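Here's the structure we're looking at; comments come further down.
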Amino acid sequence: LHWTPVDSVTIRGVYSRSLGGVSFDESVRLEPTQLGGFNQSFRNFIPQSLAGSVSAPKSEVIGAAIEWRPGSDTKLELQGEILRTDVNRTIGVFDFLPPTMPGDPPPHTVVSSTKENLEYEERRLSFTINQLLANEWSLGAQYRLTDSRLERRLPSLPSAFQTRVEKALLHEIGLFVNYEHESGFFGRAESRWFIQDNSELADENMVQLNLFAGFRFARRRFEATIGLLNVTGQNYRLNPVTPYRDLPRERVLMTRLQFNF
């Protein structure tokens, strides 16, 4: 759904269901990467650091957003998403076989397998504001709330060990300031504040600051950028059950050359 009831307001919505691939199929796409402005280019919703690579996940996406432009220099957006996935798979285990009768061999283990059911749900709500201050200056802010829950079930185990639940709530606050000169010089400063509430692990609270400067040639055919990431050198221990972009764990100097043709 993409509806513009008035010139300054746009309403977007999406609902999709899909079945993921197996092995090589995870890297091949037939459907578009976006629907209604919502990202669809997920390999899978479940973080691989928690469950590894999964095969044939059943996925569902529900999203809605409203954009408002009160003026030509201002844009506000409120967006919400629900991501769900369900995976049934077989995992390898070792069965422990103790002796049951006199004369049986000593305790030993044998290779076996068991069923595992994974259910993941992620709910996200974000608010973004962008403001053009002048021809050369712009700034913006974003608040994002992510609530994630991963449930693992091993139906073959005794009931006391069948289910394990991991969940966390992540608050993310971002601020940025951009400067672009007509000669091609540009600069950017951005900060991101992460506050995470965990059900089992310790809570986390950290801030990272990034600085960038560079130059663009006419028509942006060539761009050179130098940046300092994580200026304060702050490390973090975020729970991966709530997704976040890859963040440097120490101070990092980066350079980038980009050619467009």
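Please read all numbers here as calculations on a predicted model, not as lab measurements. In this chain, residues are counted from 1 in sequence order.
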- Message: Is any side-chain heavy atom of Val93 closer than 4.5 Å to one of Leu154?
- Response: no
- Message: Contact between Asp147 and Leu145 at the side-chain level, heavy atoms closer than 4.5 Å - yes or no?
- Response: no
- Query: Is there a donor-acceptor pair under 3.5 Å between the side chain of Tyr179 and the backbone N or O of Ala189?
  - Reply: no
- Query: Within a strict 4.5 Å, meaning less than it, do heavy atoms of the Lys58 and Leu19 side chains meet?
  - Reply: yes
- N/O donor-acceptor pair under 3.5 Å between Glu136 side chain and His181 backbone: no
- Message: Using the rule that Ile, Leu, Val, Met, Phe, Trp and Tyr join whenever any side-chain heavy atoms are under 4.5 Å apart, tell me whether Leu209 and Leu229 fall into a single cluster.
- Response: no
- Note on the structure: Closest non-hydrogen atoms of Gln162 and Pro155, given as atom of the first, atom of the second and distance, are NE2-O, 3.2 Å
- Quick one: do His171 and Asp197 satisfy side chain to side chain contact (heavy atoms under 4.5 Å, CB included)? Show the steps, please. CA-CA 8 Å; His171 306 262; Asp197 301 325; 3.9 Å; yes
- Here the pair of heavy atoms bringing Arg251 nearest to Leu228 is CG-CD1, 3.7 Å
- Query: Counting only heavy atoms not in Asn260, do more than 12 sit closer than 6.0 Å to its CG atom?
  - Reply: yes
- Note on the structure: Rounded to the nearest 0.5 angstrom, the OH-CG distance for Tyr15 and Leu1 is 15.5 Å
- Task: Any chance you could lay out the side chain to side chain contact (heavy atoms under 4.5 Å, CB included) test for Phe212 and Met254, step after step, and finish with the verdict?
- Result: CA-CA 9 Å; Phe212 304 93; Met254 59 82 66; 4.1 Å; yes
- When you look at CZ of Arg152, are more than 12 heavy atoms from neighbouring residues, nucleotides or ligands closer to it than 6.0 Å? yes
- Task: Report the C-alpha separation of Val54 and Thr85 in whole Å, then their side-chain angles, then the decisive distance to 0.1 Å, and conclude whether the side chain to side chain contact (heavy atoms under 4.5 Å, CB included) test is met.
- Result: CA-CA 11 Å; Val54 298; Thr85 191; over 6 Å; no
- Query: What's the spacing between Asn230 CG and Leu253 CG if we round to 0.5 Å?
  - Reply: 13.0 Å
- Side-chain touch Leu169/Thr242, heavy atoms, less than 4.5 angstrom: no
- Contacts of type salt bridge (charged side-chain N to carboxylate O under 4.0 Å, His left out), residue Arg124, not counting sequence neighbours: Glu81, Glu122
- Quick check: are there more than 12 heavy atoms from other residues, nucleotides or ligands sitting under 6.0 Å from CZ of Arg249? yes
- Item | Verdict with reasoning, Leu157 to Thr114, per side chain to side chain contact (heavy atoms under 4.5 Å, CB included) | CA-CA 9 Å; Leu157 294 185; Thr114 187; 5.6 Å; no
- Any side-chain heavy atom of Thr146 within less than 4.5 Å of one from Ser148? yes
- Message: I need the Phe45 CZ to Glu121 CD distance, nearest 0.5 Å.
- Response: 11.5 Å
- Phe38 to Gly63 - nearest heavy-atom pair and separation: CZ-C, 3.6 Å
- Evaluate the side-chain proximity of Lys115 to Asn88: yes if any heavy-atom separation is below 4.5 Å, no if none is. no
- Item | Exam field: side chain Gln196 to backbone Asn239, donor-acceptor pair closer than 3.5 Å | yes
- Note on the structure: Which of Arg153, Arg84, Arg149 passes side-chain hydrogen bond (donor to acceptor under 3.5 Å, both in side chains) with Glu119? It is Arg153
- Query: Checking His108 side chain against Pro106 main chain: does a donor-acceptor pair fall under 3.5 Å?
  - Reply: yes
- Message: For Phe217 and Phe215, take the angle between the two ring planes, folded into 0 to 90°, and tell me which bin it lands in: parallel under 30, tilted 30 to 60, perpendicular over 60.
- Response: perpendicular
- Give the ring-plane orientation class for Phe194 versus Tyr244, where under 30° counts as parallel, over 60° as perpendicular and anything between as tilted. perpendicular
- Message: Could you check whether any side-chain N or O of Glu77 sits under 3.5 Å from a backbone N or O of Glu67, counting only pairs where one atom can act as donor and the other as acceptor?
- Response: no
- Euclidean distance, Glu180 CD relative to Phe185 CZ, rounded to 0.5 Å: 11.0 Å
- Taking a hydrophobic cluster as the set of Ile, Leu, Val, Met, Phe, Trp and Tyr residues connected by side-chain heavy atoms closer than 4.5 Å, whether directly or through intermediates, do Val207 and Tyr143 fall within one such cluster? yes
- Query: Is Arg69 atom CZ crowded by more than 12 heavy atoms from other residues, nucleotides or ligands, each under 6.0 Å away?
  - Reply: no
- Look at the side chain of Asn178 and the backbone N and O of Trp137, then say whether any donor-acceptor pair between them is shorter than 3.5 Å. no
- Item | Rounded distance [0.5 Å steps], CD1 in Ile195 versus CG in Asn205 | 5.0 Å
- Task: Report whether Leu78 and Ile11 are members of the same hydrophobic cluster (ILVMFWY, side-chain heavy atoms less than 4.5 Å apart, transitive linking).
- Result: yes
- Is there a chain of hydrophobic side chains (I, L, V, M, F, W, Y, each step under 4.5 Å between heavy atoms) that links Trp68 to Ile129? yes
- Take atom CG in Asp7; do more than 12 heavy atoms of anything else shown fall under 6.0 Å from it? no
- For residues Thr232 and Gln208, determine if any side-chain heavy atom of one lies less than 4.5 Å from a side-chain heavy atom of the other. no
- Message: Check this for me: Phe94, atom CZ, are more than 12 non-hydrogen atoms of other residues, nucleotides or ligands nearer than 6.0 Å?
- Response: no
- Note on the structure: Heavy atoms of Pro47 and Tyr120 approach each other most closely as CD-CE1, 4.1 Å
- Message: Given 3.5 Å as the limit, does a donor-acceptor pair link the side chain of Arg256 with the main chain of Thr225, or not?
- Response: no
- Message: Using every non-hydrogen atom in the two residues, find where Tyr236 and Pro248 come nearest and quote the distance to one decimal.
- Response: CE2-O, 3.7 Å
- Query: Would Leu170 end up clustered with Leu150 when hydrophobic side chains under 4.5 Å apart are linked, directly or stepwise?
  - Reply: no
- Enter the distance from Arg192:CZ to Asn210:CG here, rounded to the nearest 0.5 Å. 9.0 Å
- Item | Leu35, Thr10, Val14 screened by side-chain contact (heavy atoms from CB on, under 4.5 Å) with His2, the one that passes | Thr10
- Query: Is there a side-chain contact between Val87 and Glu116, using heavy atoms and a 4.5 Å cut-off?
  - Reply: no
